[in-house]
Number of protein chains: 2
Amino acid sequence: MKTVAAALGVSPATISNAYNRPDQLSAELRERVLATAAELGYPGPDAAARTLRVGRSDAIGVLLTERLSYAFSDPFAVEFLSGLSEVVEQHGVSILLMPLTLSEDEPDVRSVQRASIDALTILSLPADHPAGAVAKARGIRLVSTDLVSDPDGSWVAIDDVQAGVIVGAHLAALGHRDVAVVVDTLAPAGGDVVELQPESVTFVDYAGRLEGLRQSLPGSVHLISAGHNALASGAAAARWLMHQPEPPSAIVGLSDVLALGALSALTDLGYAVPTDVSVCGFDDIAEAGQNDLTTVRQPIRERGRAVGRLLVDPEATPRQVLLPISLVPRASTGPAPH
Amino acid sequence: MKTVAAALGVSPATISNAYNRPDQLSAELRERVLATAAELGYPGPDAAARTLRVGRSDAIGVLLTERLSYAFSDPFAVEFLSGLSEVVEQHGVSILLMPLTLSEDEPDVRSVQRASIDALTILSLPADHPAGAVAKARGIRLVSTDLVSDPDGSWVAIDDVQAGVIVGAHLAALGHRDVAVVVDTLAPAGGDVVELQPESVTFVDYAGRLEGLRQSLPGSVHLISAGHNALASGAAAARWLMHQPEPPSAIVGLSDVLALGALSALTDLGYAVPTDVSVCGFDDIAEAGQNDLTTVRQPIRERGRAVGRLLVDPEATPRQVLLPISLVPRASTGPAPH
DNA sequence: TTGTAGGCGTTATCAC
DNA sequence: GTGATAACGCCTACAA
């Protein structure tokens, strides 16, 4: 920039103005500036320097799990991000997809420390994940996808507890007393199956759904997991469950993906659904409908849009959005066998 | 940073070291630095400043069309980006999805001017789009998704001309003499149908495929478009074509999405495929197989991976990758009606 | 309409 | 093991 200024015998400020405030200088001079810039190979204001100076990067961040590709492979994520990007693109803002390189000791939040973003949202991680605190400390606006107690916080959520209650009540009404819940952990998919203790509930995503299930189901609730949110995890969990001495009469996946995995494993094993076992999920992704899975619907795409609005426009209102949910009963749930 | 340094009576450099080079200072001092930082609410090195100083942002960019949501809705893009992110995530690098806010006069490359990224790739835009030049001028490494004449350039491509020839030869062998080609323009989807002149071929994506078709098809080739790469564009184009006095005997979509749109419109109009009209696409996305569409296969996901490797690691080799293609004949093409 | 000056927050280098 | 210093490249009051 200095070089161009020198070549033209003007001050650096003028060069800056030529790019950012065309009205602050004569059209003729601006032309000359742009011309010599091109000639000298000056590509215009440096992005990093500009960001540092103005404190804005015209990008918003989406923090994903350790697997960045989750953004393109998980149906919920894809739908949510479609809605999000729909809104964001209208403002000419870019989207930074950030990985969470998981490490043993402390949760690794390096990507959010290193990211130049104006706002952040966190996808498919427990609501109280440290990344949120880090973002706030850095002055990055946070838009949560879970209810947040902070009255000033902005979020777009559904009532997960209520969602759990809806499913629990549905199954209870059908006579199920022995229900297994397949949850998402951050472990790799399809690995060893683990029985979780009720106490560890907070380490798990969708803790609210679990709580709702507990409230509304009369019988025992077993918690198991075979890794992160993927078909393979659901399938592995279902296989394990059905090999137990006393298999459950119903399997609930804390997401449709987990439930669909369980569903296909059951079919493979020769079980009749829902005659032998009922299966139920959450979210109502497109695939749920295609496979006749009973689930709880939420407006996924609209949720993405709402988050997008909050991300690009801090003034947006309302800053706290609770989206409606509803039970979608399909062919995968039926009366418990006695 | 200065504040923390002052509070501790040490120099800013020490604070910096505490974060970036733990080995450069005593563990004890480092502890104290981190503690006071937490106390004072210093969130660690600022991202923008760091990027400015270090010249690296740990993010790579993907430039999309004006619609950011394309990344999550177009099957080719989704598959490609899955592969890309698979590789990128292993390096803890983030992905910046950048929109191309289209404007009337000059192509708007603001997003690439304002982006702090280490490398860039451009998706679904003509190979010679100005954005590439801008990136290079800024010192951002460019990984093309098209063959590039520059011997130093790095790219991952298929032989689009050959792909066109494969399709053209296939149709020619089936006796087709009157073929319409549906192309992607940057106009909104499903809008007015436009007949393009052969000269305007360079403004169009996939110019190579077109050239291959021309080379191998004996009869006339009509070029038409109804907007950007979307089912609706293909459908609108097909409807328009079949209402012409002399409808073509075969419709080629320059992408599977366009071809699938045409296919469904033809079915809706009551035409039998391939008895009345043949339809053929490019890429072999999953939906092509599900709909029995004849197409040219390319390893989409692997292409994304290869681009990812090049993006993340400038030293990666080979720097120029030509991926194989092959005709996948299915039920959507047959002999031309005479 | 144009120029001046200060500072945005770091980190690499080199000296101590 | 620790500190001083000099960029990194830009923007924006404010003054002229």
Colleague: Taking the side chain of V10(B) as its heavy atoms from C-beta onward, which of dC11(D), dG3(D), dT2(C) lies nearest to it?
Modeller: dG3(D)

Colleague: If I take atom CG in residue D23(B) and atom P in nucleotide dT2(D), what distance separates them, rounded to the nearest angstrom?
Modeller: 12 Å

Colleague: Roughly how many Å is it from CZ in R53(B) to C1' in dA12(C), rounded to a whole number?
Modeller: 5 Å

Colleague: Within this structure, what is the CD-to-P distance between Q113(A) and dT10(C), rounded to whole angstrom?
Modeller: 12 Å

Colleague: dC11(D) phosphate, OP1 or OP2: any side-chain N/O from S16(A) under 4.0 angstrom?
Modeller: yes

Colleague: Checking the side chain of R141(B) only, and the main-chain atoms of L311(B) only, is there a donor and an acceptor separated by less than 3.5 Å?
Modeller: yes

Colleague: A49(A) side chain: which of dA4(D), dT2(D), dG9(D) is closest?
Modeller: dG9(D)

Colleague: Verify, without hydrogens or angle tests, whether R309(B) (side chain) and T317(B) (backbone) share a donor-acceptor contact under 3.5 angstrom.
Modeller: no

Colleague: I need the OH-P distance between Y19(A) and dC11(D), as an integer number of Å.
Modeller: 10 Å

Colleague: If you compare every side-chain N and O of Y42(B) against the phosphate oxygens of dT10(C) (OP1, OP2), does one of them come in below 4.0 Å?
Modeller: yes

Colleague: Could you give the CE-to-C1' distance, from M1(B) to dT5(D), as a whole number of Å?
Modeller: 14 Å

Colleague: How close or far is atom P of dG6(C) from atom NZ of K2(B), stated in whole angstroms?
Modeller: 14 Å

Colleague: On DNA chain D, nearest-nucleotide positions of L52(B) versus S26(B): which is more 5'?
Modeller: S26(B)

Colleague: Hey, does S85(B) have a side-chain heavy atom less than 4.5 Å from the side chain of I95(B)?
Modeller: yes

Colleague: Closer than 3.5 angstrom, by distance alone: can the side chain of S69(A) be matched with the main-chain N or O of E86(B) as a donor-acceptor pair?
Modeller: no

Colleague: Is any side-chain nitrogen or oxygen of R50(A) closer than 4.0 Å to OP1 or OP2 of dC11(D)?
Modeller: yes

Colleague: Looking at the side chain of A13(A), which of dT4(C), dA4(D), dC11(D) is the nearest nucleotide?
Modeller: dT4(C)

Colleague: Does the side chain of L97(B) come within less than 4.5 Å of F72(B)'s, by heavy atoms?
Modeller: yes

Colleague: Can you tell me if the side-chain N/O atoms of T14(B) get under 4.0 Å from OP1 or OP2 in dG3(D)?
Modeller: yes

Colleague: Looking at N20(B), I'd like to know whether one of its side-chain N or O atoms comes within less than 4.0 Å of OP1 or OP2 on dT11(C).
Modeller: yes

Colleague: Whole angstrom is fine here: how far is it from CG in D46(B) over to P in dC8(D)?
Modeller: 19 Å

Colleague: How many Å lie between CG on L8(A) and C1' on dG3(C), as a whole number?
Modeller: 14 Å

Colleague: Which one, dT4(C), dT2(D), dA12(C), comes nearest to the side chain of L25(B)?
Modeller: dT2(D)

